[in-house]
Amino acid sequence: MFQTLADLSAAGTTLGVRVDINSPLEDGELADDSRVRAHLETLSELLDRGARVAVLAHQGRPGGDEFATLASHAARLDELLDAPVDYCDATFTAAARERVDALENGECVVLENTRFYSEEYMEFDPETAADTFLVRELAPALDAFVNDAFAAAHRSQPSLVGFPVRVPGYAGRVMEQELEVLGSIESTTTPRVYALGGAKIVDSLDVARSVLERGFADHVIVSGIVGNAFLLADGVQLGAASAHVVNERSDRAVKRAGDLLDEFGSRIHLPRDVAVERDGERVELDLGALPSQNAAMDIGAKTIAAYGEFLDEAGTAICNGPAGVFEDERFATGTRELYEAATHSGYSIVGGGDTAAALRRLGVEGFDHVSTGGGAALRMLTGEPLPAVEVLRANRHSA
Ligand SMILES: Nc1ncnc2c1ncn2[C@@H]1O[C@H](COP(=O)(O)OP(=O)(O)O)[C@@H](O)[C@H]1O
Ligand SMILES: O=C(OP(=O)(O)O)[C@H](O)COP(=O)(O)O
């Protein structure tokens with residue numbers, strides 16, 4: 001097991017608290033604060049108990065269009081938390097350490113985007129991560145480390161796996177709750193239906209193989225780019241545009257999907273129709289009416305109806321990835337209706353940063369558990385260990 005906040009004597013201690021507030025931005029500003037809100041429980045509890053909190057987090061990826069400072073995240077936390085929240089435009093330098101040292105009990109400072117520092121975007125074992133500048137320079141300013149960043153727990157990066165080597169490590173409330181729900185899938189009610197969509201083809205293929213091989217999945221229903229990969233594997237001539245969207249993400253996806261169909265085809269269900277753009281409008285095409293010059297951007301009504309039957313009868317529905325390009329209202333139908341149907345199952349779980357944002361945008365509510373993680377949730381569902389969790393379990397420092 002691992003230590004939680006119940007094991008932590010927080011009053012008067014200086015804590016490094018790693019959260020995942022990696023969020024959609026618009027013009028460099030926070031466009032969706034769901035992940036920020038997800039961590040309010042942990043941060044409020046620690047601050048109310050008199051801790052001095054230094055928040056560590058990443059935003060975007062180097063070179064990506066959502067790579068930005070955490071200034072707007074800090075401002076939103078200052079609005080949402082009762083305690084004073086400051087922002088420091090450094091992460092591990094002397095300036096950062098001085099700012100952390102200056103914290104009073106019940107105060108919080110958000111340190112700068114960890115990925116502004118090159119080693120953070122590399123993967124290391126915990127001991128090597130503990131020797132990176134970020135961890136080596138900042139750890140002496142901390143009494144303990146709390147990891148609440150479930151959504152990044154699949155990344156073996158310094159700010160996620162290095163600190164528990166140097167100071168006592170604890171799971172935050174988000175981490176604790178996510179591990180409890182996602183770690184007990186195999187004890188949920190059957191039939192279990194996994195709805196895998198979105199763009200993370202490789203992760204989704206990993207999940208599909210794992211849950212089918214282990215007998216966790218009674219049905220896997222596929223949509224999104226993932227569904228298109230399976231259609232191509234099944235010999236459906238979607239068209240060059242759809243094939244390009246699949247192959248640019250993974251040149252082995254179609255082969256891997258084909259292998260899964262060969263081994264588990266009776267439990268994998270593919271779209272029966274897709275939606276494409278034609279003259280600016282949404283047009284739904286049966287598979288027999290393909291190929292299409294334009295890419296398949298959503299699943300069609302026949303698919304929604306067929307998948308809805310699986311979901312209505314499901315004891316548990318586990319979902320990740322939008323069914324279509326939900327950002328375009330013309331192609332949001334599949335996501336809206338498929339995920340509405342998923343909430344009618346006995347127990348419904350959904351994961352993914354974009355998926356959760358899609359559900360908020362489309363007004364879909366009623367899931368029993370909305371995970372903060374996408375890739376992390378998928379990795380967890382494959383039964384693979386999460387590096388940031390394993391280093392907490394190692395529990396190198398007693399409580
Ligand atoms: N048929 C499709 N063609 C192109 N993009 C798609 C399609 N279906 C879904 N998407 C895209 O998938 C993205 C989200 O997928 P993903 O990152 O896997 O979700 P999450 O972050 O929830 O794990 C969305 O931006 C959506 O536009
Ligand atoms: O948004 C995240 O992952 P997700 O898109 O799988 O939910 C996490 O913050 C991890 O970010 P990364 O995939 O850039 O390492």
Side-chain angles (χ1 to χ4, degrees), residues 18-25 32 34-35 38-39 57-67 73 113-115 120-123 148-157 159-160 178 195-205 207 222-232 238-239 241-246 248-249 271 274-277 282 292 294-300 303 319-335 338-339 350-362 370-381 386-388:
R18 180 53 155 106
V19 296
D20 188 332
I21 48 179
N22 183 25
S23 306
L25 303 180
D32 176 282
S34 305
R35 278 181 164 171
H39 293 288
H58 73 277
Q59 172 59 46
R61 297 178 176 181
D65 56 10
E66 298 203 320
F67 193 49
H73 305 67
N113 186 347
T114 55
R115 288 188 178 171
E120 173 69 354
Y121 202 49
M122 300 167 72
E123 300 242 329
D148 211 29
F150 169 78
H154 55 317
R155 305 298 188 209
S156 193
Q157 294 167 347
S159 70
L160 289 153
E178 295 268 21
L196 301 176
K200 290 190 181 72
I201 302 178
V202 173
D203 285 336
S204 298
L205 288 167
V207 171
V222 294
S223 63
I225 300 177
V226 177
N228 291 347
F230 275 92
L231 285 172
L232 292 169
L238 282 174
S242 295
H244 173 71
V245 170
V246 169
E248 72 176 348
R249 279 168 175 73
V274 297
V276 301
E277 178 179 358
R282 172 192 176 96
S292 162
N294 294 337
M297 307 278 273
D298 195 9
I299 55 176
T303 305
C319 311
N320 168 261
V325 184
F326 72 92
E327 298 92 340
D328 179 331
E329 183 52 38
R330 295 171 299 172
F331 303 106
T333 309
T335 302
L338 191 67
Y339 278 76
V350 61
D354 286 316
T355 305
L359 300 185
R360 278 188 302 283
R361 179 186 180 126
L362 302 175
V370 180
S371 173
T372 57
L378 287 172
R379 179 79 62 87
M380 181 112 196
L381 294 175
L386 299 177

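Note that the coordinates shown come from a computational prediction; the quantities given were computed from them, not determined experimentally. Counting starts at 1 for both ligands and their atoms, in listed order.
With atom 19 (O) of ligand 1 as the reference point, the heavy atom nearest to it among G374, P322, A376 is part of P322. Residue A296 holds the heavy atom nearest to atom 1 (N) of ligand 1 of all those in G324, A296, A323, S223. The closest heavy-atom contact to atom 24 (C) of ligand 1, among the options R249, M297, E327, K200, comes from E327.
Contacts of S223 classified as side chain to side chain contact (heavy atoms under 4.5 Å, CB included), with partners at least two apart in sequence or in another chain: I299, A323, L338.
Within the listing of ligand 1, atoms 1 (N) sit less than 4.0 angstrom from a heavy atom of N228. Short contacts between ligand 1 and G352, defined as distances under 4.0 Å to a heavy atom of the residue, involve ligand atoms 20 (P), 22 (O), 23 (O). Residue G198 has at least one heavy-atom neighbour below 4.0 Å for each of these atoms of ligand 1: 12 (O), 15 (O), 18 (O).
A salt bridge links R360 to D32: one of the charged nitrogens lies within less than 4.0 Å of a carboxylate oxygen. Ion pairing of E277 with R282 is absent here, as no side-chain N (NZ or NE/NH1/NH2) approaches a carboxylate O to less than 4.0 Å. We find that R379 and E178 are not joined by a salt bridge, their nearest charged nitrogen and carboxylate oxygen being 4.0 Å or further apart.
Distances between N or O atoms of D298 and those of ligand 1 include no value under 3.5 Å.
Of the N and O atoms on the side chains of H244 and R249, not one donor lies less than 3.5 Å from an acceptor on the other residue.
Across all non-hydrogen atoms, the minimal contact from T114 to R18 is OG1-NH2, 4.0 Å.
Atom 22 (O) of ligand 1 has T355 OG1, 2.5 Å as its closest protein atom, hydrogens excluded (heavy atom only). Among all non-hydrogen protein atoms, the one lying nearest atom 18 (O) of ligand 1 is A199 N, 3.0 Å. Among all protein heavy atoms, the one lying closest to atom 2 (C) of ligand 1 is I225 CG1, 3.6 Å. Of the protein's heavy atoms, D354 N, 3.0 Å lies nearest to atom 21 (O) of ligand 1.
Put simply, the side chain of L231 reaches to within 4.5 Å of the side chain of V274, judged on heavy atoms.
The closest donor-acceptor contact from the side chain of D298 to the backbone of G334 lies under 3.5 Å. Side chain of R61 to backbone of F67: no donor-acceptor contact under 3.5 angstrom is found. The main-chain N or O of N113 is never found under 3.5 Å from a side-chain atom of Q59 such that the two would form a donor-acceptor pair.
Within 4.0 Å of ligand 2, heavy atoms belong to protein residues D20, N22, R35, H58, R61, R115, A151, R155, K200, G353, G374, G375.
Applying side-chain contact (heavy atoms from CB on, under 4.5 Å) to P322 and the options T355, L359, I225 leaves one that passes, T355.
With a 4.0 Å heavy-atom cut-off, ligand 1 is reached by no atom of L378. Contacts between D203 and ligand 1 below 4.0 angstrom, taking non-hydrogen atoms only, are absent altogether.
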Please test V350 against Y339 for side-chain contact (heavy atoms from CB on, under 4.5 Å), starting from the C-alpha separation and ending with a verdict. CA-CA 9 Å; V350 61; Y339 278 76; 3.5 Å; yes
